[in-house]
Amino acid sequence: MTCVTPPLAGRAADWFRAQARDLPWRRPGTTPWGVLVSEFMLQQTPVARVAPVWERWMTEWPTPSALAAASRADVLRAWGKLGYPRRAMRLHAAAEAIASEHGDRVPSDVDVLESLPGIGSYTARAVAAFGYGRRAPVVDTNVRRVVARAVHGAGDAGPARTKADLADVDALLPESDAEAAVVSAALMELGAVVCTARTPRCTLCPVHADCAWVAAGRPEYTGPRRPVQGFAGTDRQVRGRLLDVLRAAEEPVEKPALDAVWSDGPQRDRCLDSLLVDGLAEQTTDGRFVLGGTTPGARD
DNA sequence: GACTCGTGGTT
DNA sequence: TAACCAAGAGT
């Protein structure tokens with residue numbers, strides 16, 4: 001039987017092969033581990049901020065076991081200000097699991113990947129597709145927007161419909177593993193550089209002729225919008241400030257130094273406690289505070 | 001399903 | 001300038 005790649009997917013793939021951005025983790029020779037690291041870092045964080053951190057990270061920890069052997073403090077310092085530092089802890093934990101339970105080899109099976117810390121539906125499929133060239137429907141915010149417009153003719157993606165979203169993307173993928181992986185990358189790239197949230201560049205779009213949204217006259221999105229998360233005054237901001245002090249410190253920090261970053265005492269203490277619970281900070285026996293927590297790799 | 005978890009560039 | 005947005009995951 002003949003199974004022809006849908007025009008939309010085929011055009012997106014051709015466009016991607018012709019002019020994909022030259023991102024560090026797309027270079028030939030990038031290992032599945034490199035892909036996994038990039039996907040962790042790219043969760044909710046822009047490409048431009050991730051790139052330099054990824055480069056240094058892969059030089060220092062080129063394998064899961066190498067990262068597993070590092071201390072939490074070193075991992076958190078290398079993570080720097082990428083944000084959501086719990087991701088760094090989860091990546092560290094995933095590396096430990098991969099090193100000890102999977103022979104230091106990143107799993108290629110989506111279900112196995114999803115069982116690892118910090119790896120959800122998106123990251124598991126991204127690793128399968130971009131790390132191993134497998135056919136896997138990769139659904140992120142970019143892809144959901146591209147599908148919402150090009151396929152459904154809507155102005156934007158509504159709230160996530162996990163199962164339906166996966167099915168929508170699956171329907172676009174050709175049978176071949178290698179070609180499907182390219183289409184997955186292409187859909188993400190389209191959403192990232194052409195079919196963007198605010199001002200889509202439809203005149204540059206390779207699937208312009210196949211786009212249901214364009215055909216419908218680019219109607220505005222009318223569905224519900226998730227309220228943008230505030231930041232000023234939140235626990236996230238306070239935790240960020242506390243962690244910033246600990247990251248910069250070369251020696252254990254006295255409590256007053258942490259007290260100085262936020263005037264609201266109860267909130268400050270609650271946040272510090274949450275950092276301890278998350279393993280992002282630790283209290284020494286003499287009552288001071290340090291980055292990270294105890295790990296096998298920690299020395300002196 | 002709603003909420004939480006960082007950070008900083010862009011509009 | 002305040003709002004918006006950025007390759008999500010866990011609870």
Side-chain angles (χ1 to χ4, degrees), chain A residues 16 20-21 23-26 30 34-54 76 79-91 93-94 113-131 136-146 156-163 165-166 169 181 184-193 195-200 221 224-247 261-262 267 270-271 274-275 277-281:
Chain A
F16 181 82
R21 289 171 295 173
L23 305 178
W25 44 90
R26 286 179 178 168
T30 299
V35 172
L36 178 58
V37 171
S38 77
E39 295 302 342
F40 263 86
M41 292 180 172
L42 288 163
Q43 292 168 4
Q44 299 285 283
T45 304
V47 165
R49 289 229 305 280
V50 166
V53 179
W54 184 87
L76 284 169
W79 191 261
K81 306 199 78 170
L82 285 182
Y84 292 143
R86 292 192 300 187
R87 288 181 295 165
M89 296 294 88
R90 291 174 185 149
L91 176 54
L113 284 162
E114 276 197 85
S115 73
L116 296 171
I119 300 186
S121 174
Y122 162 78
T123 302
R125 288 167 178 78
V127 170
F130 311 142
V138 176
V139 180
D140 75 330
T141 182
N142 289 311
V143 174
R144 293 203 332 110
R145 184 172 55 249
V146 169
D156 205 343
R161 301 145 45 243
T162 312
K163 297 278 288 188
D165 291 338
L166 276 175
V169 175
S184 290
L187 293 175
M188 291 185 57
E189 186 81 349
L190 262 185
V193 308
C195 195
T196 53
R198 275 183 273 195
T199 48
Y221 177 74
R225 289 203 181 269
R226 178 194 302 203
V228 289
Q229 288 186 345
F231 181 64
T234 63
D235 285 4
R236 284 202 325 291
Q237 181 178 25
V238 180
R239 284 164 55 102
R241 287 196 183 180
L242 292 170
L243 215 52
D244 204 33
V245 171
L246 297 179
R247 255 197 311 264
V261 306
W262 199 255
Q267 183 182 23
R270 166 161 47 89
C271 288
S274 74
L275 290 178
V277 169
D278 288 344
L280 293 168

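Quantities reported herein were computed from a predicted structural model and do not represent experimental measurements. A, B, ... follow the sequence lines: proteins, then strands. Residue 1 opens every chain.
Atom pair A/Arg198:CZ and C/dA6:C1' shows a separation of 10 Å (rounding to whole Å applied). Computed from coordinates, the A/Arg26 CZ to C/dA7 P distance equals 11 Å when rounded to whole Å. Straight-line distance from the CG atom of A/Leu91 to the P atom of C/dA9: 13 Å, rounded to whole Å. As a whole-Å value, the separation of A/Leu113 CG from C/dA9 P is 11 Å. Between the CZ atom of A/Arg144 and the C1' atom of C/dA6 there is a distance of 15 Å, given to the nearest Å. Atom CG in A/Leu190 sits roughly 15 Å away from atom P in C/dA6 (whole-Å rounding). Atom C1' of nucleotide C/dA6 and atom CD of A/Glu189 are separated by 14 Å, given to the nearest angstrom. Between the CZ atom of A/Arg86 and the C1' atom of C/dA9 there is a distance of 9 Å, given to the nearest Å.
Using a 4.0 Å heavy-atom cutoff across all strands shown, A/Thr141 reaches sugar-phosphate atoms only and no base atom. A/Ser121 comes within 4.0 angstrom of the backbone, heavy atoms only, and of no base. Within 4.0 Å of A/Arg161, counting heavy atoms only, lies no atom of the nucleic acid at all. Contact annotation for A/Leu23: base contact, defined as any heavy-atom pair under 4.0 Å involving a base atom. Using a 4.0 Å heavy-atom distance criterion, A/Trp25 is classed as a base contact. If you check every strand for non-hydrogen atoms under 4.0 Å, A/Pro159 touches nothing. Nucleic acid contact for A/Gly83: base, since at least one base atom lies under 4.0 Å from a heavy atom of the residue.
Between the side chains of A/Glu39 and A/Tyr122, at least one donor N or O lies within less than 3.5 Å of an accepting N or O. Using a 3.5 Å distance cut-off with no hydrogens or angles, the side chains of A/Ser184 and A/Arg125 do not pair a donor with an acceptor. In the model, A/Ser274 has no side-chain atom that pairs as donor or acceptor with a side-chain atom of A/Arg270 under 3.5 Å.
Distance from the side chain of A/Tyr84 is smallest for C/dG8 among the nucleotides C/dC4, C/dA7, C/dG8. Each of C/dA7, C/dC5, C/dG10 was ranked by its minimum atom distance to the side chain of A/Ala197; first place goes to C/dC5.
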Would you please test A/Val261 and A/Leu242 for side-chain contact (heavy atoms from CB on, under 4.5 Å) and show each step?
CA-CA 7 Å; A/Val261 306; A/Leu242 292 170; 3.6 Å; yes
Carefully, step by step, assess A/Lys81 and A/Val53 under the rule side-chain contact (heavy atoms from CB on, under 4.5 Å).
CA-CA 9 Å; A/Lys81 306 199 78 170; A/Val53 179; over 6 Å; no
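Remark: A/Arg87 CZ to A/Gln44 CD distance equals 8.0 Å, nearest 0.5 Å. Separation of atoms CD1 (A/Ile119) and CG (A/Leu36) is listed at 4.5 Å; rounding is to 0.5 Å. For the atom pair CG of A/Leu42 and CG of A/Leu82, the computed distance is 9.0 Å after rounding to the nearest 0.5 Å. The CG atom of A/Asp156 sits 7.5 Å away from the OG1 atom of A/Thr141 when rounded to the nearest 0.5 Å.
Checking side-chain atoms of A/Gln43 against main-chain N and O of A/Thr123 turns up no donor-acceptor pair under 3.5 Å. Judged by distance alone, the side chain of A/Arg145 and the main-chain N or O of A/Asp140 form no donor-acceptor pair under 3.5 Å. One N or O on the side chain of A/Trp54 and one on the backbone of A/Gly34 form a donor-acceptor pair closer than 3.5 Å.
Taking 3.5 Å as the limit, the base of C/dA6 and the side chain of A/Arg145 contain no donor-acceptor pair of atoms between them.
In terms of the salt bridge (Lys or Arg N to Asp or Glu O under 4.0 Å) criterion, residue partners of A/Arg21 (sequence neighbours excluded) are, by chain and number, A/Glu189. Not a single ring-ring contact (aromatic ring centres under 6.0 Å, His included) links A/Trp262 to another residue, sequence neighbours left out.
Of the residues in residues 225-236 of chain A, those placing a heavy atom less than 4.0 Å from an atom of DNA chain B are A/Gln229, A/Phe231, A/Asp235, A/Arg236, in numerical order. Within residues 237-247 of chain A, the residues that place at least one heavy atom under 4.0 Å from DNA chain B are, in residue-number order, A/Arg239, A/Gly240, A/Arg247. The stretch residues 35-53 of chain A touches DNA chain B through A/Gln44, A/Thr45, A/Arg49, each having a heavy atom within less than 4.0 Å of the strand.
Salt bridge annotation for A/Arg247-A/Asp244: present, with a cationic side-chain nitrogen under 4.0 angstrom from a carboxylate oxygen.
Nucleotides C/dA7 and B/dT4 have their P atoms positioned 23 Å apart, rounded to a whole Å. Taking atom C1' on both C/dC5 and C/dT1, the two are 16 Å apart, rounded to the nearest angstrom.
Nearer to the 5' terminus of DNA chain C, by closest-nucleotide assignment, is the contact made by A/Asp140 (compared with the other of A/Leu116 and A/Asp140).
For DNA chain B, the contact window with chain A, defined by any atom under 4.0 Å from a protein heavy atom, covers B/dT4 to B/dT11 in 5' to 3' order.
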